[in-house]
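For reference, the structure discussed in these notes is given below.
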Amino acid sequence: MIDNPSKIITIEDVMEMLAISSKKTIYTYIQQGKLHPINKDDWHIEGRYEFDLVDVVRLKEELKKPGLTTKEVAQQLDVSVTTVNKYIKQELLPAFQEEYRGINCYFIHEEELEVF
């Protein structure tokens, strides 16, 4: 008897969990080593990749945004993204840069926005 069986999910389940609309993105994560199909070597037998739910949950945490994007801040303040970038440059709005989904972006902590 297995004490802690892993839940096996399909690529469609992964797409839904990660809010991804393209299988190509999943294949990119596999190539980058961010996602590991449990049947990588024999997927052709089933005709599809299968994944361990725990691995997908881990990736979902990795892909979480570290804060609000400049676009989200602009929407909340009802100003343009350009204005938000000016606030950041003028050091009126504390922000930090971090890579998110392969792009270097500015992020603002929600608490910092509230103070602003």
Side-chain angles (χ1 to χ4, degrees):
M1 176 110 190
I2 299 172
D3 293 321
N4 189 11
S6 296
K7 181 165 185 205
I8 306 305
I9 60 175
T10 66
I11 197 166
E12 288 78 12
D13 297 327
V14 175
M15 290 171 60
E16 185 176 332
M17 284 183 66
L18 300 180
I20 294 170
S21 59
S22 171
K23 286 184 181 180
K24 185 176 178 181
T25 303
I26 302 298
Y27 298 136
T28 299
Y29 289 152
I30 293 168
Q31 283 181 325
Q32 293 172 343
K34 292 180 180 181
L35 193 58
H36 309 282
I38 59 170
N39 63 337
K40 188 173 185 174
D41 296 329
D42 59 0
W43 65 269
H44 56 280
I45 295 171
E46 292 282 330
R48 66 180 185 201
Y49 281 128
E50 294 178 337
F51 303 88
D52 187 329
L53 178 62
V54 173
D55 193 33
V56 178
V57 169
R58 176 201 49 78
L59 179 59
K60 185 174 181 175
E61 285 299 310
E62 266 181 40
L63 295 176
K64 268 189 178 175
K65 287 186 303 181
L68 298 170
T69 64
T70 52
K71 182 179 179 180
E72 292 168 333
V73 171
Q75 289 171 341
Q76 286 189 28
L77 296 177
D78 197 26
V79 297
S80 70
V81 173
T82 304
T83 301
V84 172
N85 286 328
K86 285 180 185 176
Y87 292 157
I88 292 168
K89 262 189 170 173
Q90 295 169 354
E91 297 182 2
L92 299 172
L93 182 60
F96 60 97
Q97 278 191 306
E98 194 167 308
E99 187 175 312
Y100 176 66
R101 295 191 176 194
I103 301 170
N104 205 15
C105 305
Y106 277 109
F107 289 97
I108 296 94
H109 291 292
E110 285 191 51
E111 306 81 40
E112 297 287 355
L113 182 59
E114 288 173 21
V115 171
F116 178 75

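Hydrogens, waters and symmetry mates play no part in the numbers below; they use all other heavy atoms, side chains included. Numbering starts at 1 and runs along the sequence shown.
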Give a yes or no on whether [X] and [Y] share a hydrophobic cluster (residues Ile, Leu, Val, Met, Phe, Trp, Tyr; joining criterion: side-chain heavy atoms under 4.5 Å apart).
X   : Y    : result
V81 : L68  : no
Y27 : M15  : yes
I38 : I30  : no
L63 : Y106 : no

Please find the pair of heavy atoms, one from [X] and one from [Y], that lie closest to each other, and give the distance.
X    : Y    : answer
I8   : E50  : CG2-CB, 3.7 Å
E99  : N104 : N-OD1, 3.7 Å
I26  : F51  : CG2-CZ, 4.1 Å
P66  : F96  : O-CZ, 3.7 Å
I108 : L113 : CG2-N, 4.2 Å
Y49  : K40  : CE2-CA, 4.1 Å

For [X], is the [atom1] atom crowded, meaning more than 12 foreign heavy atoms sit under 6.0 Å from it?
X    : atom1 : value
E91  : CD    : no
D78  : CG    : no
E16  : CD    : no
Y29  : OH    : yes
E110 : CD    : no
K86  : NZ    : no

Is a side-chain donor-acceptor pair under 3.5 Å present for T82 with N85?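 There is no such pair between these side chains.
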Under 3.5 Å donor-acceptor, E112 side chain and H109 backbone: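 Not at all, since once roles are kept as given, no pair shorter than 3.5 Å links the two residues.
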Mark yes or no for whether N39, through its side chain, and R48, through its backbone, hold a donor-acceptor pair below 3.5 Å.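 The answer is yes, because a donor-acceptor pair under 3.5 Å joins these two groups.
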Could you walk me through whether T69 and F107 satisfy the side-chain contact (heavy atoms from CB on, under 4.5 Å) test, starting with their C-alpha distance in whole Å, then the side-chain angles of each, then the deciding distance to 0.1 Å, before giving a yes or no? CA-CA 5 Å; T69 64; F107 289 97; 3.8 Å; yes
Distance, nearest 0.5 Å, that separates CD1 of I88 from OG1 of T83: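 Answer for the CD1-OG1 pair, I88 versus T83, is 11.0 Å.
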Working to the nearest 0.5 Å, report the span between CD of E98 and NZ of K65.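 Answer for the CD-NZ pair, E98 versus K65, is 12.5 Å.
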Determine, for K64 against E61, whether the closest basic-nitrogen to carboxylate-oxygen distance falls under 4.0 angstrom.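 The answer is yes: the pair qualifies as a salt bridge.
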Verdict with supporting geometry, V14 and M17, side-chain contact (heavy atoms from CB on, under 4.5 Å): CA-CA 5 Å; V14 175; M17 284 183 66; 5.7 Å; no
Look at the rings of Y87 and F116 and say which category their plane angle falls in: under 30° parallel, 30 to 60° tilted, over 60° perpendicular.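 The arrangement is tilted - the two ring planes meet at 30° to 60°.
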Quick one, V73 and L93 - any side-chain contact, counting heavy atoms below 4.5 Å?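 Side chain of V73 against side chain of L93, heavy atoms only: contact under 4.5 Å found.
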